[in-house]
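Input: a single structure, listed below in structure tokens.
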Amino acid sequence: MTFTERYTAVGLVISLATFVTYWALIIFRAVTDDLPLAQVAWHGPLLWTLIIGGGLYGLVYLALWLRVRREQHTDARDREIARYAETAGAGITGLAVLVTLIMLALDAPTFWTVTVLFTGSFLGSLASAGVTMAAYREGMPS
Amino acid sequence: MTDDETRVPMAGDEKVAWVYGSTVLVTSGAYFVWLAIQLSTHEPSEIAWAVPMAIAIAASIGLVIVLTILASIGSAVWSALRGRFQEPDFASDERDRAIKQLGDRSLLSALSIATGGALILAMFDASGFWIGNYIFLVCSVGALAEAGTKIRAYRRGL
């Protein structure tokens, strides 16, 4: 496995865990406090899952990078795959941002706006990580 | 025959990048000037920003399409008048694709800055006014960066 492939795989696992943890916390709170989803205190869970998930990802990236820092760890193929995969997720993230703008303009409840943005960017990163993994396993589509 | 003296027509995608960049500069610029004027006299909560922003976005899309068509026709007519008419080449080659990807990356980083920042703003209970305008500002700057990156790559090489 190359450096890029490794940190993409770890990032995929971490972002899945972050997303699931956030929703578990929100649903748990909604059930135990008997509140509708939109009235749950989502600020804390979102902040902490993002900080912990992002921090963990940063640490793993650093650890992986330290192992290969003396070598030539990224070649043209890695860069090509990264570029190709980034575009793959961009459509979904872009759509989420557009929907968010519309929801803000229509004064939709903040919880749902945040949910669209968070879920959309999660799906976008999922798509680009999936495309990266597929490109390493099966090669780039020509 | 091509030598260094022969004029090579501007690639179609470079023309589009010029049109795109200048259109966004004008439409988004006009919107933010309007917003600044409103902000100097009104409270943010009193400003109806949704419709003007929608107009700015729609105008960007519409103008880019119309102006791209006009620019293609215009440059074809112009070169024909000067006796240098060449069959317009609408196909994108390998270089066009590489440059497009490079430009997409600028827009992409703008997208992630917009998403991350908007989530943080929402966590601090910023109003829809600030979140919406923040997203629009970052995306406009990203679009300008995208057009700028592409034009630079066309002129100076990758």
Side-chain angles (χ1 to χ4, degrees), chain A residues 15 18-19 22 41-51 53-54 57 76 79-125 127-128 140 142, chain B residues 28 31 44-45 47-58 60-61 94 97-143 146 149 153 158:
Chain A
S15 79
T18 308
F19 189 74
Y22 170 74
W42 52 270
H43 301 69
L46 184 58
L47 185 64
W48 286 111
T49 45
L50 283 183
I51 288 179
Y57 181 67
R79 272 190 290 274
E80 201 179 328
I81 290 181
R83 226 177 280 158
Y84 167 70
E86 273 170 7
T87 357
I92 302 175
T93 314
L95 190 66
V97 170
L98 187 65
V99 174
T100 307
L101 263 183
I102 294 170
M103 289 175 83
L104 286 169
L106 297 177
D107 256 334
T110 317
F111 173 78
W112 292 116
T113 316
V114 165
T115 299
V116 165
L117 193 56
F118 181 54
T119 312
S121 54
F122 166 75
L123 290 177
S125 68
S128 81
M140 298 258 294
S142 49
Chain B
S28 291
Y31 171 79
S45 57
I47 301 175
W49 53 273
V51 174
M53 189 188 286
I55 294 175
I57 296 174
S60 298
I61 299 171
E94 197 58 43
R97 270 191 292 278
I99 290 180
K100 183 180 178 311
Q101 275 193 334
L102 192 72
D104 282 349
R105 292 192 99 177
S106 326
L107 192 61
L108 233 79
S109 24
L111 264 186
S112 43
I113 296 171
T115 339
L119 282 178
I120 292 170
L121 280 173
M123 277 186 266
F124 288 107
D125 271 329
S127 66
F129 172 83
W130 291 113
I131 305 178
N133 283 294
Y134 164 78
I135 293 180
F136 190 52
L137 180 65
V138 176
C139 288
S140 300
V141 172
E146 183 195 352
T149 314
L158 281 164

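Just so it is clear: chains get the letters A, B, ... in the order the sequence lines come, proteins before strands, and each one is counted from 1. Note that the coordinates shown come from a computational prediction; the quantities given were computed from them, not determined experimentally.
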* Asked: For the atom pair OH (Y134(B)) and CG (L104(A)), what is the distance rounded to the nearest 0.5 Å?
  -> 13.0 Å
* Check L111(B) against A90(A) and note the closest heavy-atom contact, atom names and distance. => CD1-O, 3.8 Å
* May I ask you to name which of G124(A), S121(A), G44(A), A105(A) has the most heavy-atom pairs under 4.5 Å with chain B? => A105(A)
* **Among the listed options F124(B), F136(B), W49(B), F129(B), the residue most often paired with chain A at heavy-atom distances under 4.5 Å** => W49(B)
* Contacts of residues 106-117 of chain A with chain B (heavy atom under 4.5 Å) -> T110(A), V114(A), L117(A)
* Quick one: pull up CD1 in I120(B) and CG in L50(A) and give me the separation to the nearest 0.5 Å. => 8.0 Å
* Sort L119(B) into side chain, backbone, both or neither according to what part of it lies under 4.5 angstrom from a heavy atom of chain A. => both
* Looking only at heavy atoms, which two atoms of R83(A) and Q101(B) are closest? And how far apart? -> CD-OE1, 3.7 Å
* Structure fact -> Residues of residues 93-103 of chain A with a heavy atom under 4.5 Å from any heavy atom of chain B, in residue-number order, are T93(A), G94(A), V97(A), T100(A), L101(A)
* Taking side chain as C-beta onward, heavy atoms only, is H43(A) less than 4.5 Å from D125(B)? -> yes
* Show your working on side chain to side chain contact (heavy atoms under 4.5 Å, CB included) between W42(A) and M123(B) and close with a plain yes or no. => CA-CA 8 Å; W42(A) 52 270; M123(B) 277 186 266; 4.0 Å; yes
* Structure fact -> Whatever's closer than 4.5 Å to a heavy atom in chain A on I131(B) counts as both
